[in-house]
Amino acid sequence: MADIKTRDVVKGTIKTIDKAAIASERMKAAYAKTKDKAEQGYFSEEGSATEYAADKVSHATERVTAEGIHQFDKQGQKAVKTTEKNIVKAKDKLADFKQKRAAQAAERRAAQSVPEQYSPQLRHGSTNPVSAPDATKAPAQAVKQTGRQTQKTVKRIARSAEKTVKTTAKGSVKTAQKTVKTAQTTSKAAIKTAEQTAKATQAAAKASAKAAQRAAQAARAAAKATVAAVKAAVKATIAAVKAIIAGTKALIAAIAAGGWVAVVVIVVICLIGLLVGSVFGIFFSGEDSGSGMTMQTVVQEINTEYDNRLDGIKNSTAYDVLEMSGSRAVWKEVLAVYSVKTATDQDNPQEVATMDDGKKQLLTEIFWEMNEISTRTETKTETQITESDDGHGNIVQTETTVTQTYLYIAVSHKTAEEMADLYGFSEEQRQQLSELLAEENNSLWTQVLYGISVGDGEIVTVALSQVGNIGGQPYWSWYGFDGRVEWCACFVSWCANECGYIDAGVIPKFAGCVNGVQWFKDRGQWQDNSYEPTAGQIIFFDWEGDGETDHVGIVEKCENGVVYTVEGNSGDTCRQKQYSVGSSVIYGYGIPAY
């Protein structure tokens with residue numbers, strides 16, 4: 001009976017081990033599945049950032065799953081060893097029981113082999129005689145009593161052995177089952193964690209790829225600007241080198257005498273000095289040389305004077321209707337003409353890298369020679385048709401004759417070529433003018449005029465180049481309107497289009513401020529009026545404080561609590577304006593994803 005129960009325990013243990021093996025296989029399958037998911041994330045995006053993220057999740061998945069399998073195998077092996085020890089103990093107890101039972105049977109057989117005619121005393125060496133009937137009866141009773149005690153002992157030992165085997169087997173099975181459940185729980189948690197990590201890493205990889213693309217675009221833009229700057233510097237250096245060719249013989253003689261190191265230093269200093277002293281010195285005029293003036297401050301003062309003249313005309317003339325048209329000369333051309341004329345003047349040549357009152361006056365004169373404002377008024381008698389309700393639901397049209405005064409303001413400008421003709425530039429001066437205005441020098445002009453380096457907002461550069469234009473015709477006609485409309489939003493859209501931002505989906509094409517606000521809000525790219533903006537962000541205004549936007553412009557910069565802007569249709573003109581951060585007239589800001 002004990003042997004059979006022992007075999008059952010062994011079978012139970014084998015089943016437990018089989019479960020452990022099955023769980024191990026499931027763990028391996030789960031690991032393979034998780035690894036496949038991680039590898040899918042690995043190949044979902046391209047680029048170094050994606051490969052790095054996918055590699056991380058793959059290693060993390062392998063490490064977590066391998067640890068789960070290791071712990072499961074460790075606990076399973078421990079349970080199997082414990083079960084084997086318990087089986088050995090049970091077999092040893094059964095062997096001891098069998099030996100004891102065999103010994104007792106031998107003693108019983110020996111007792112039964114003594115002749116009944118001998119008394120128990122004789123069998124044990126006694127000399128006292130007893131009667132024959134008593135001698136016969138005593139051994140039989142002793143044998144029966146011994147047999148009963150032996151049976152009880154056997155049963156007790158059997159029950160003890162059986163109980164020990166059952167207890168040991170149950171403990172082993174429960175331990176093995178608990179180990180299997182723990183390993184399964186661990187594996188499920190590991191698989192779930194690995195899957196979540198894979199999904200998170202896929203999202204991170206996509207974000208990293210997008211960030212890498214934006215960084216690449218910025219790098220390309222920076223590279224283009226750098227190439228342009230280098231080209232300009234090379235051209236400027238070549239021009240300066242031409243001016244010192246005449247002294248090459250003396251330099252060669254100095255080199256032959258062994259003073260080549262000093263000569264190289266002198267050459268470099270001379271090149272820089274000649275560069276600054278040439279027409280290309282205008283590109284160094286953005287810095288204050290100690291006079292308290294820079295090219296930027298002087299340009300802003302002249303722009304203010306220009307705006308004041310326009311406002312003076314409007315304020316000094318009585319009119320009913322204002323119509324403005326034309327455009328101002330581009331500042332790049334104004335400065336190029338100023339640089340060539342000032343640096344190569346035969347009577348009084350001056351370097352243009354610094355600014356003072358005398359040079360400011362020269363620049364102002366050239367500006368007004370290139371720009372002209374003309375005005376005229378005209379009285380017109382016109383018939384106007386008005387519509388009203390007669391009180392009975394009918395629309396009544398009424399014709400009225402009205403006499404109105406129209407004020408026409410027109411701005412015209414001369415080009416750099418026309419100014420070269422006006423000043424009688426020589427062929428060499430015209431060549432210098434052409435080199436200054438070359439496209440590759442645009443970034444240098446931006447730095448001089450607006451203090452904007454590469455990456456600070458291309459749209460600001462475009463907007464600033466339009467300051468002074470009036471009437472808005474280039475902007476609303478570009479948008480598609482046949483006649484004049486309120487064109488502040490058209491101006492912003494036009495500037496964005498010049499930079500390629502509309503096609504890229506960075507800024508919308510909009511003619512109404514409300515639509516522009518909604519576009520940014522829908523994309524979570526919106527800040528209220530307490531925000532401190534940066535260059536290139538879109539500023540919206542609410543003049544009446546009724547929650548409806550009335551005007552829009554482009555942020556030029558934000559310094560010391562002041563927001564500087566460039567706005568179209570500000571008095572029907574492109575102007576630079578400024579407001580305090582948090583001003584009540586500021587509705588909020590659209591934040592383009594440049």
(message) Does E382 form a side-chain contact (heavy atoms from CB on, under 4.5 Å) with V402? I'd like the steps, not just the answer.
(response) CA-CA 5 Å; E382 301 171 331; V402 178; 5.6 Å; no
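- Formation of a donor-acceptor pair under 3.5 Å by the S583 side chain with backbone atoms of S580 is not found in this model.
- With M324 as the partner, the side chain to side chain contact (heavy atoms under 4.5 Å, CB included) test is satisfied by one option alone out of T375, V411, N469, I409: I409.
- Applying the side-chain hydrogen bond (donor to acceptor under 3.5 Å, both in side chains) test between E556 and each of Q578, Q576, K577 identifies Q576 as the sole match.
- Although no hydrogens or angles enter the test, the distance criterion places no donor-acceptor pair under 3.5 Å between the side chain of S530 and the main chain of G582.
- Looking at M419 and F425, their side chains never come closer than 4.5 Å, going by heavy atoms from C-beta outward.
- Checking E427 against Q431 by side-chain atom types alone, no donor-acceptor pair falls below 3.5 Å.
- Between the side chains of N569 and Y475, no donor N or O sits under 3.5 Å from an acceptor N or O.
- Using a 4.5 Å cut-off on side-chain heavy atoms (C-beta onward), V340 and Y423 make no contact.
- Using modelled atom types, no side-chain atom of K314 and backbone atom of L322 make a donor-acceptor pair closer than 3.5 Å.
- In this structure, I554 CD1 and T565 OG1 are separated by 9.5 Å, a value rounded to the nearest 0.5 Å.
- Minimum interatomic distance between V279 and V352 (heavy atoms only, all atoms of both residues): O-CG2, 4.0 Å.
- Within a 6.0 Å radius of CG in D528, other residues, nucleotides and ligands contribute more than 12 heavy atoms.
- At a threshold of 4.5 Å between non-hydrogen side-chain atoms, the residues F510 and V492 count as touching.
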(request) Step by step, work out the salt bridge (charged side-chain N to carboxylate O under 4.0 Å, His left out) result for D311 and R575. (result) CA-CA 12 Å; D311 291 339; R575 292 187 177 184; 2.6 Å; yes
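- Taken to the nearest 0.5 Å, the OG1 atom of T573 stands 5.5 Å off from the CG atom of L310.
- Not a single donor-acceptor pair under 3.5 Å links the side chain of R328 to the backbone N or O of H413.
- Between Y306 and F367, the ring-plane angle classifies as perpendicular under the 30° and 60° cut-offs.
- At a threshold of 4.5 Å between non-hydrogen side-chain atoms, the residues E369 and V337 do not count as touching.
- Separation of atoms CD (Q432) and OG (S339) is listed at 8.0 Å; rounding is to 0.5 Å.
- Listed here is the closest heavy atom pair of L433 and A420: CD2-CB, 4.2 Å.
- Side-chain atoms of S477 come within 3.5 Å of backbone atoms of Q473 as a donor-acceptor pair (strictly under, hydrogens ignored).
- The backbone N or O of A489 lies less than 3.5 Å from a partner atom in the side chain of S493, making a donor-acceptor pair.
- Between the side chain of N441 and the main chain of L437, no donor-acceptor pair closer than 3.5 Å is present.
- Here the closest non-hydrogen pair linking W494 and V462 is CZ3-CG1, 3.8 Å.
- A donor-acceptor pair under 3.5 Å is absent between the side-chain atoms of Q525 and the main chain of G590, judged by distance alone.
- For the pair E333 (side chain) and V330 (backbone), a donor-acceptor distance under 3.5 Å is absent.
- Side-chain atoms of K359 and T354 form a donor-acceptor pair, as typed in the model, at a separation below 3.5 Å.
- Judged purely by distance below 3.5 Å, without hydrogens or angles, the side chains of W368 and E305 pair a donor atom with an acceptor atom.
- Paired with C558 under the rule side chain to side chain contact (heavy atoms under 4.5 Å, CB included), one option of I539, T534, V563 passes, and it is V563.
- The only member of D550, N529, V585, I586 that meets side chain to side chain contact (heavy atoms under 4.5 Å, CB included) when paired with D542 is D550.
- Inter-residue side-chain proximity for M295 and I282 is flagged as met; some heavy-atom pair is nearer than 4.5 Å.
- For the pair W331/L464, no side-chain contact is recorded, criterion being any heavy-atom separation below 4.5 Å from C-beta on.
- Checking side-chain atoms of W478 against main-chain N and O of C490 turns up no donor-acceptor pair under 3.5 Å.
- The line from CD1 of I459 to CG of N497 is 10.0 Å long, rounded to the nearest 0.5 Å.
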(message) Please determine whether side-chain contact (heavy atoms from CB on, under 4.5 Å) holds for the pair L362 and Q350, giving the CA-CA distance in whole Å, both sets of side-chain angles, and the decisive distance to 0.1 Å.
(response) CA-CA 11 Å; L362 289 174; Q350 302 181 67; 3.8 Å; yes
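- In this structure, the separation between CG on D345 and CD on Q429 is 9.0 Å, given to the nearest 0.5 Å.
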(message) Between V566 and F491, does the side-chain contact (heavy atoms from CB on, under 4.5 Å) criterion hold? Intermediate values first, please.
(response) CA-CA 10 Å; V566 184; F491 170 73; 4.2 Å; yes
(request) List the steps, then state whether side-chain contact (heavy atoms from CB on, under 4.5 Å) holds for C513 with Y587. (result) CA-CA 11 Å; C513 296; Y587 182 76; over 6 Å; no
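- With no hydrogens or angles considered, a side-chain donor-acceptor pair links Q537 and Y531 at under 3.5 Å.
- Interatomic distance, S570 OG to H551 NE2, rounded to the nearest 0.5 Å: 5.5 Å.
- Residues T401 and T381 form a side-chain contact, since some pair of their non-hydrogen atoms from C-beta on lies under 4.5 Å apart.
- With respect to the salt-bridge test (charged N to carboxylate O, under 4.0 angstrom), the residues K360 and D357 do not qualify.
- Geometrically, K509 engages Y479 in a cation-pi contact defined by less than 6.0 Å to the ring centre and at most 45° from the axis.
- Annotation: cation-pi pair R376/Y408 present, NZ/CZ under 6.0 Å from the ring centroid and within 45° of its normal.
- Taking the six-membered ring where the residue is Trp, W445 and F283 present perpendicular rings, their angle passing 60° and hence far from 30°.
- Between W487 and C574 the shortest side-chain heavy-atom distance falls below 4.5 Å.
- Using a 3.5 Å distance cut-off with no hydrogens or angles, the side chains of D522 and Q518 do pair a donor with an acceptor.
- For Q384, the CD atom counts as densely surrounded, since its 6.0 Å shell holds more than 12 non-hydrogen atoms of other residues, nucleotides or ligands.
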